[in-house]
Amino acid sequence: MAKDQATAAMETSTVEKQPETREAETPSVTRTKRMMVAIDESDSSFYALQWVIDHFSTLLMTTEAESGMLTVVHVQSPFHHFAAFPAGPGGATVYASSSMIESVKKAQQETSAALLSRALQMCRAKQIRTETLVLEGDAKDMICQAVEQMHVDLLVVGSRGLGKIRRAFLGSVSDYCAHHANCPILIVKPPKGVD
């Protein structure tokens, strides 16, 4: 009987300690839900974009009054103006000419424009509210910085399925973002046979 009284007292005290909440007193802040998909030249990144379009289209539709926003981001690798060849005692450093630098930058811009154009066509076909972003730098760092600056609610990246050795040497953008992005991250693994 004493045990029943103790149990009843604990249940009573637990109920008494819970604060009362009223929905009318809780301020509701409505803001646009932001999703970001990082793309590159791989088919796996476009598979991830298509996956988002297929599964979140109702949240991102342009016809909805309070729809979300999808940001498609592509990060260009920085072009190093020099290459060092430390072979032998008098290792050489070769600097790129200004015409070479301009042609590389032009090629990067054309590649980015083609990738983002393909992504925008996919989004427009389903009337997805979309913006694009091109950044330059290390993809892992730039994506995480953009997520933080833009207050992204969900980051989506594709998985190339690198083996353990290649991932150790090359690094994995999805793995890095999973550990360093300031928002939830969804890594979309493509079916076998896709890049």
Side-chain angles (χ1 to χ4, degrees), residues 30-79 102-163 166-167 170-195:
T30 305
R31 74 173 181 90
T32 302
K33 295 291 184 190
R34 281 193 169 274
M35 297 177 78
M36 179 181 283
V37 177
I39 62 168
D40 59 12
E41 296 86 3
S42 69
D43 288 339
S44 59
S45 69
F46 280 93
Y47 180 82
L49 175 62
Q50 187 62 53
W51 194 93
V52 167
I53 291 169
D54 293 343
H55 291 86
F56 292 106
S57 61
T58 55
L59 178 65
L60 301 167
M61 300 275 295
T62 56
T63 56
E64 298 294 320
E66 293 187 21
S67 66
M69 173 65 77
L70 176 64
T71 302
V72 179
V73 63
H74 173 67
V75 182
Q76 298 175 349
S77 298
F79 177 69
E102 286 196 27
S103 69
V104 169
K105 286 187 178 187
K106 183 178 179 183
Q108 284 181 327
Q109 290 172 348
E110 289 172 357
T111 300
S112 294
L115 291 172
L116 294 175
S117 174
R118 178 179 169 194
L120 281 173
Q121 286 177 351
M122 292 169 66
C123 294
R124 286 184 184 139
K126 295 284 189 166
Q127 298 180 338
I128 304 292
R129 231 177 118 197
T130 310
E131 64 183 3
T132 60
L133 182 63
V134 176
L135 303 171
E136 184 176 320
D138 181 41
K140 299 178 277 203
D141 293 325
M142 298 307 293
I143 292 169
C144 289
Q145 285 178 16
V147 162
E148 187 173 345
Q149 291 171 355
M150 297 176 72
H151 306 288
V152 171
D153 296 303
L154 178 66
L155 172 63
V156 180
V157 293
S159 174
R160 289 186 176 189
L162 298 176
R166 288 181 65 197
R167 188 171 50 240
L170 299 176
S172 167
V173 173
S174 58
D175 186 56
Y176 183 89
C177 290
H179 290 93
H180 295 92
N182 289 339
C183 72
I185 177 169
L186 174 65
I187 301 173
V188 179
K189 187 173 180 177
K192 292 189 186 271
V194 176
D195 196 284

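What's counted below: heavy atoms across the whole structure, side chains too, no hydrogens, waters or symmetry copies. Positions are given from 1 along the sequence.
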Apply the test side chain to side chain contact (heavy atoms under 4.5 Å, CB included) to residues Trp51 and Val156: give CA-CA distance (whole Å), side-chain angles for both, the deciding distance (0.1 Å), then the verdict. CA-CA 10 Å; Trp51 194 93; Val156 180; 5.6 Å; no
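Here the closest non-hydrogen pair linking Phe46 and Ala119 is CE2-N, 3.9 Å. Pairing each heavy atom of Cys144 with each of Ala181, the nearest pair is SG-N, 3.8 Å. Among all heavy-atom pairs drawn from Ser159 and Pro190, the shortest one is O-CD, 3.1 Å. The two residues Ile185 and Cys177 have their closest heavy-atom pair at CD1-CB, 3.4 Å. Closest approach of Met61 to Thr58, counting heavy atoms only: CG-CA, 3.8 Å. Of all heavy-atom pairs spanning Ser45 and Ser42, the tightest one is OG-O, 2.9 Å.
Under the 4.5 Å side-chain criterion, counting only non-hydrogen atoms from C-beta, Ile143 is in contact with Val173. Here the side chains of Leu115 and Asp40 are not in contact, with every heavy-atom distance at 4.5 Å or above. You'll find the side chain of Thr130 reaches within 4.5 Å of the side chain of Val72, heavy atoms only. You'll find the side chain of Leu60 reaches within 4.5 Å of the side chain of Val52, heavy atoms only. Under the 4.5 Å side-chain criterion, counting only non-hydrogen atoms from C-beta, Leu70 is not in contact with Phe56. Residues Met150 and Leu133 meet the side-chain proximity criterion, which asks for heavy atoms closer than 4.5 Å.
Partners of Glu131 according to the salt bridge (charged side-chain N to carboxylate O under 4.0 Å, His left out) rule, which considers only residues two or more places apart in sequence or in another chain, are Arg34. Qualifying side chain to side chain donor-acceptor pair (under 3.5 Å) partners for Gln108, counting only residues two or more places apart in sequence or in other chains: none. Legend: residues meeting side chain to side chain donor-acceptor pair (under 3.5 Å) with Glu148, ordered by chain and number and at least two apart, are Asn182.
Evaluated for a side chain to side chain contact (heavy atoms under 4.5 Å, CB included) with Ile187, the options Asp175, Leu155, Val157 yield exactly one hit, Val157. Evaluated for a side chain to side chain contact (heavy atoms under 4.5 Å, CB included) with Met35, the options Leu154, Thr71, Asp153 yield exactly one hit, Leu154.
Going from atom NE2 of His151 over to atom SG of Cys183 covers 12.0 Å, rounded to the nearest 0.5 Å. Distance CD/Gln149 to CE/Met142: 7.5 Å, rounded to 0.5 Å.
For the residue pair Asp54 / Gln50, a side-chain donor-acceptor distance below 3.5 Å is found, with atom types taken as modelled.
Checking side-chain atoms of His74 against main-chain N and O of Val134 turns up no donor-acceptor pair under 3.5 Å.
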